[in-house]
There are 2 protein chains.
Amino acid sequence: MRIGELAEASGTTAKTLRFYEEQGLLPAAERTPAGYRDYTPDAVGRIDFIHRGQAAGLTLAQVRQILDIRDDGQAPCGHVQDLLDSRLADLDEQIAQLVALRETITQLRDQAATVEPETCSPDQVCRYL
Amino acid sequence: MRIGELAEASGTTAKTLRFYEEQGLLPAAERTPAGYRDYTPDAVGRIDFIHRGQAAGLTLAQVRQILDIRDDGQAPCGHVQDLLDSRLADLDEQIAQLVALRETITQLRDQAATVEPETCSPDQVCRYL
DNA sequence: ATGGACCTTCCAGTAAGGTGGAAGGTCAAG
DNA sequence: CTTGACCTTCCACCTTACTGGAAGGTCCAT
């Protein structure tokens with residue numbers, strides 16, 4: 001199948017697929033005599049896998065690591081587990097920070113809502129921040 | 001004071017201060033005869049304000065909007081309130097998404113922890129993702 | 001044989017908030 | 001008078017995941 005068909009079948013664009021190839025996420029496809037990329041249908045599965053990795057918050061570089069291990073004939077399970085663990089730890093920290101930030105902003109905004117603007121002194125930029 | 005001193009006093013770098021000037025966050029400073037930027041000490045307050053804005057999750061562009069209003073002689077309170085409100089809404093959505101992602105990843109990781117790697121079929125990349 | 005839809009490569013740009021480095025000017029101390 | 005720490009400008013680069021566009025080649029139907 002040609003790149004446009006593959007893009008359609010996997011819910012992405014030809015441009016993105018070329019980009020994935022360039023980044024090492026997709027192996028270089030066979031070419032027709034005219035130089036067109038010619039994919040086998042199982043490429044769809046690989047692209048779906050990339051999408052699932054992204055949906056799990058992995059970067060393309062991390063997805064690529066997993067694919068490299070699999071392409072090497074090994075089972076990437078251990079590595080996947082490590083990635084998910086560290087993603088989970090990052091996520092917990094990220095969530096904690098956002099929740100703290102939310103707390104801070106709520107307070108600032110409540111102040112901003114109750115104080116009269118007229119009483120702002122011009123030598124600060126804004127008393128609420 | 002020179003740019004290096006100001007950077008030191010406000011906990012940033014000279015490079016960053018030049019960048020802020022270029023972005024319109026800091027007004028162009030006076031210059032010494034030799035062409036050195038010469039700041040008045042109140043620049044520290046402005047940079048602290050920028051830092052507080054960033055700490056509240058505002059972008060430099062948003063901080064700049066507030067500063068522009070203030071520099072225009074107006075009280076930016078209303079605008080600040082709007083920014084904080086919309087930041088709060090964004091934050092809630094962002095947190096909800098991360099919590100959902102955390103849920104997804106927890107499930108994936110738990111699967112990955114309980115299944116034997118040997119049972120992975122080689123025609124999938126990884127059964128956990 | 002010509003039009004349109006497809007494909008190719010390569011180069012450039014996007015957001016955001018800076019960082020790095022080169023080439024050169026300035027200033028105070030020794 | 002030189003050394004070293006500053007300062008100046010300008011240009012490029014970093015991250016991530018693409019996207020846009022130009023210039024050209026190919027394929028199929030009319």
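Predicted, not measured: the structure shown is a model, and the values here were computed from it.
The shortest distance between side-chain heavy atoms of A/His79 and A/Gln65 falls below 4.5 Å. Side-chain atoms of B/Leu60 and B/Phe19, non-hydrogen and from C-beta on, do get closer than 4.5 Å to each other.
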* **CA sep, side-chain torsions, deciding dist, call: B/Leu67, B/Phe49, side-chain contact (heavy atoms from CB on, under 4.5 Å)** => CA-CA 9 Å; B/Leu67 289 168; B/Phe49 178 78; 3.7 Å; yes
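Atom pair A/Glu5:CD and C/dC7:C1' shows a separation of 12 Å (rounding to whole Å applied). Straight-line distance from the CG atom of B/Leu6 to the C1' atom of D/dT8: 16 Å, rounded to whole Å. Between the P atom of C/dA16 and the CG atom of B/Asp90 lies a distance of 12 Å, rounded to the nearest Å. The NE2-P distance, from B/His51 to C/dG17, rounds to 13 Å in whole Å. A straight line from CD of A/Glu8 to C1' of C/dA5 spans 14 Å, rounded to a whole angstrom. Between A/Ile3 atom CD1 and D/dT19 atom P the separation is 13 Å, expressed in whole Å.
The backbone N or O of B/Gln23 lies less than 3.5 Å from a partner atom in the side chain of B/Arg64, making a donor-acceptor pair.
Residue B/Gln62 places no side-chain N or O under 4.0 Å from the OP1 or OP2 atom of C/dA16.
Heavy-atom neighbours of A/Glu8 CD from other residues, nucleotides or ligands within 6.0 Å: at or below the threshold of 12.
For DNA chain C, the residues of residues 17-38 of chain B within the heavy-atom distance limit of 4.0 Å (strictly under) are B/Phe19, B/Tyr20, B/Ala34, B/Tyr36, sorted by number.
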Which pairs, protein N/O on one side and nucleotides 28-30 of chain D N/O on the other, fall under 3.5 Å?
none

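Residues B/Ala7 and B/Ala14 come closest through the heavy atom pair CB-N, 3.5 Å.
Here the straight-line distance linking atom NZ of B/Lys15 with atom OH of B/Tyr20 works out to 15.0 Å at 0.5 Å rounding.
Of the listed nucleotides (D/dG20, C/dT19, C/dG18), C/dT19 has the atom at the smallest distance from the side chain of B/Thr13.
In this structure, B/Tyr36 is not a member of the same hydrophobic cluster as B/Val44, with clusters built from ILVMFWY side-chain heavy atoms closer than 4.5 Å. Linking Ile, Leu, Val, Met, Phe, Trp and Tyr residues whenever their side-chain heavy atoms come within less than 4.5 Å leaves A/Ile69 and A/Ile50 in two separate clusters.
The base of C/dG17 has none of its N or O atoms less than 3.5 Å from a complementary donor or acceptor on the side chain of B/Lys15.
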